[in-house]
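From a predicted model like this one, the values you see are computed outputs, not experimental measurements.
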Amino acid sequence: MAYYPRLRDLREDHDLSQRQLAALLGMAQPQYSRYEQGLRDIPTPVLIQLARLYDTTTDYLLGLTNDPRKP
């Protein structure tokens, strides 16, 4: 899926480690790592948290658009 690399890129653009981001999301680092690797689907609440954290849309995170700006 196209959105897994996008998650990693956004995390790195915000200078966050997987451990730091996982802590912000209230989960363990290995759990978050599985989302970036595409081993697990991202639950909707986590997807919403990520969109808010990165100030973007869930459509952008999911690869449905290449425009990261909110409408």
Side-chain angles (χ1 to χ4, degrees):
M1 298 239 170
Y3 62 89
Y4 296 120
R6 186 164 281 173
L7 290 179
R8 184 193 68 237
D9 292 343
L10 281 168
R11 178 180 54 77
E12 290 174 349
D13 288 347
H14 285 79
D15 295 322
L16 293 168
S17 67
Q18 283 187 351
R19 184 174 311 273
Q20 290 169 320
L21 184 54
L24 288 171
L25 297 172
M27 66 180 67
Q29 181 272 330
Q31 181 179 358
Y32 178 78
S33 177
R34 290 183 193 103
Y35 299 146
E36 277 192 12
Q37 293 175 31
L39 300 175
R40 291 192 52 136
D41 286 333
I42 302 168
T44 302
V46 174
L47 188 63
I48 292 168
Q49 282 182 291
L50 289 168
R52 287 180 178 157
L53 176 74
Y54 296 135
D55 195 32
T56 190
T57 64
T58 56
D59 283 354
Y60 179 72
L61 294 176
L62 294 171
L64 299 174
T65 182
N66 288 324
D67 184 358
R69 295 174 293 154
K70 290 181 181 179

By side chain to side chain contact (heavy atoms under 4.5 Å, CB included), R34 pairs with (sequence neighbours left out) P30, Q31, L39, R40
CD1 (I48) and CZ (R52) are apart, to the nearest 0.5 Å, by 6.5 Å
So the salt bridge (charged side-chain N to carboxylate O under 4.0 Å, His left out) pairs with at least one residue in residues 54-71 (sequence neighbours excluded) are D55-K70, D67-R69
OH (Y35) and CG (L61) are apart, to the nearest 0.5 Å, by 13.5 Å
field: Side-chain heavy atoms of Q37 within contact of R8, under 4.5 Å
entry: no
Looking only at heavy atoms, the pair that brings R6 and N66 closest together is NH2-OD1, 3.0 Å
Rounding to 0.5 Å, atoms CG (L7) and CD (Q18) come to a distance of 10.5 Å
Here the salt bridge (charged side-chain N to carboxylate O under 4.0 Å, His left out) pairs for residues 14-32, sequence neighbours left out, are none
For D13, the side chain to side chain donor-acceptor pair (under 3.5 Å) test, sequence neighbours excluded, returns none
Those residues at least two apart in sequence (or on a different chain) that pass side chain to side chain donor-acceptor pair (under 3.5 Å) with Q49 are none
Side chains of residues 20-28: which donor-acceptor partners sit under 3.5 Å, not counting sequence neighbours?
residue, atom, partner, partner atom, Å
Q20, OE1, S17, N, 2.7
Q20, OE1, S17, OG, 3.4

Within-4.5 Å side-chain heavy-atom neighbours: L10 and Y60:
yes
Q. Is the closest side-chain heavy-atom distance between T56 and L50 below 4.5 Å?
A. no
